[in-house]
Amino acid sequence: MKLIIIGPQGSGKGTQAKLLSEKLNVLHISTGDIFRDNIKKETELGKKAQEYINFGKLVPDELTVKLVESKIKEDICKNGFILDGFPRNLIQAKSLDGFTDIDCVIVIDISDKEAIKRISGRRTCEECGKIFNVNTDNINNKCKFCDGNLIQRDDDVEETVKERLKTYHEITKPVINYYKEQNKTIVVDGERAIEIIFDEIIKKIKK
Ligand code: AMP
């Protein structure tokens, strides 16, 4: 299966993508995670991407498309993949058509108000990468799994979140329409429990 998951920041698309990749045995490709990993390792790609990410801007298409193309062509993708965070604009969507065919696009819907609340409260463990939320989890500044420090991602502060949402509405939403016109989308309400959303996605994919 070749899947795409699209939703605004805070919609839980990363969580659903991870669950789907395990259930369907496909590779989870998150461009945001790949960029963050490169920033941490201080690679050339990381240095270039950081300038954009910290201001809530999109990383240039040449860099992003090349990255996804090389990932998809790897052997570990032969069972399929779920793209999370890509394509984020029409240029990326049309470039993707040049090297693969997509079966289904999962769209997770949440309001801006909920997205801002969720993301501003998000904390990530510096060590193991687990994600918590001050709105729903009873947390202090240490990870309950590995005792690592919990930090707020540089691009999760409210001003940057607003910029990222603006980009989502103006630039990423046309991508949803692009796939709607091809009858490839399924839409789920993201303001419910993780398991309920997951079950609905699986049911809709099977149809
Ligand atoms: P995410 O974790 O998906 O929210 O991505 C974090 C940041 O990485 C975004 O705000 C962008 O700056 C950058 N990024 C991730 N995916 C893409 C993409 N497909 N195109 C351009 N920039 C991206």
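Computed over heavy atoms, backbone and side chain alike; hydrogens, waters and symmetry mates excluded. Bear in mind the structure is a predicted one, so any value in this text is a computation, not a measurement. Counting starts at 1 for both ligands and their atoms, in listed order.
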Inset, instruction - Answer yes or no: does atom CZ of F99 have more than 12 heavy-atom neighbours from other residues, nucleotides or ligands under 6.0 Å? - result: yes
Inset, instruction - Identify the protein heavy atom lying closest to atom 7 (C) of ligand 1, giving its residue, its atom name and the separation to 0.1 Å. - result: I53 CG1, 4.0 Å
Legend entry - Contacting atoms of ligand 1, where contact means under 4.0 angstrom from a heavy atom of R153: 2 (O), 4 (O), 6 (C)
Inset, instruction - Could you check atom 19 (N) of ligand 1 against the protein and tell me its nearest heavy-atom contact, residue, atom and distance included? - result: G85 O, 2.8 Å
Inset, instruction - Using distance alone, decide if ligand 1 has a nitrogen or oxygen within less than 3.5 Å of any nitrogen or oxygen in F35. - result: no
Legend entry - D37 bridged to K41 by N-O distance under 4.0 Å: yes
Inset, instruction - Have a look at R88, K57, E51, R36 and point out the one with the heavy atom closest to atom 12 (O) of ligand 1. - result: K57
Inset, instruction - Identify whether the distance between the nearest side-chain nitrogen and carboxylate oxygen of K18 and E22 falls below 4.0 Å. - result: yes
Legend entry - Subset of ligand 1 atoms that lie under 4.0 Å from at least one heavy atom of F86: 19 (N)
Legend entry - Distance from atom 10 (O) of ligand 1 to nearest protein heavy atom, with residue and atom: R164 NE, 3.8 Å
Legend entry - 4.5 Å side-chain heavy-atom contact, R123 and I131: no
Inset, instruction - May I ask you to list the atoms of ligand 1 that are less than 4.0 angstrom from any heavy atom of K13? - result: 3 (O)
Legend entry - Cation-aromatic face contact K57/Y52, 6.0 Å, 45 degrees: no
Inset, instruction - Taking only heavy atoms of Q92 into account, list the atoms of ligand 1 that are under 4.0 Å away from them. - result: 18 (C), 19 (N), 20 (N), 21 (C)
Inset, instruction - Would you mind running through ligand 1 and noting each atom that sits below 4.0 Å from a heavy atom of L58? - result: 21 (C), 22 (N)
Inset, instruction - For atom 22 (N) of ligand 1, find the nearest protein heavy atom and state the residue, atom name and distance (0.1 Å precision). - result: V59 N, 3.0 Å
Inset, instruction - State, without any angle test, whether D61 and N89 hold a side-chain donor-acceptor pair at a distance under 3.5 Å. - result: yes
Legend entry - D156 and R118 ion-paired at < 4.0 Å: no
Legend entry - Numbered atoms and elements of ligand 1 in range of T64, under 4.0 angstrom, heavy atoms: 18 (C), 19 (N), 20 (N), 21 (C)
Inset, instruction - Identify, by atom number and element, the atoms of ligand 1 in contact range of G32, meaning under 4.0 Å from any of its heavy atoms. - result: 2 (O), 5 (O), 15 (C)
Inset, instruction - State the atoms of ligand 1, each with its element, that fall below the 4.0 Å cut-off from a heavy-atom position in T31. - result: 15 (C), 16 (N), 17 (C), 19 (N)
Inset, instruction - State whether the shortest distance between N or O atoms of G56 and N or O atoms of ligand 1 falls below 3.5 angstrom. - result: no
Inset, instruction - Considering non-hydrogen atoms only, spot the tightest contact between L150 and N140 and give its length. - result: CD1-O, 3.4 Å
Inset, instruction - Kindly determine whether E200 and K203 satisfy salt bridge (Lys or Arg N to Asp or Glu O under 4.0 Å), including the steps that lead there. - result: CA-CA 5 Å; E200 187 181 327; K203 269 189 213 131; over 6 Å; no
Legend entry - Flag if over 12 foreign heavy atoms under 6.0 Å of NZ, K166: no
Inset, instruction - Answer yes or no: does an N/O atom from D155 fall short of 3.5 Å to an N/O atom of ligand 1? - result: no
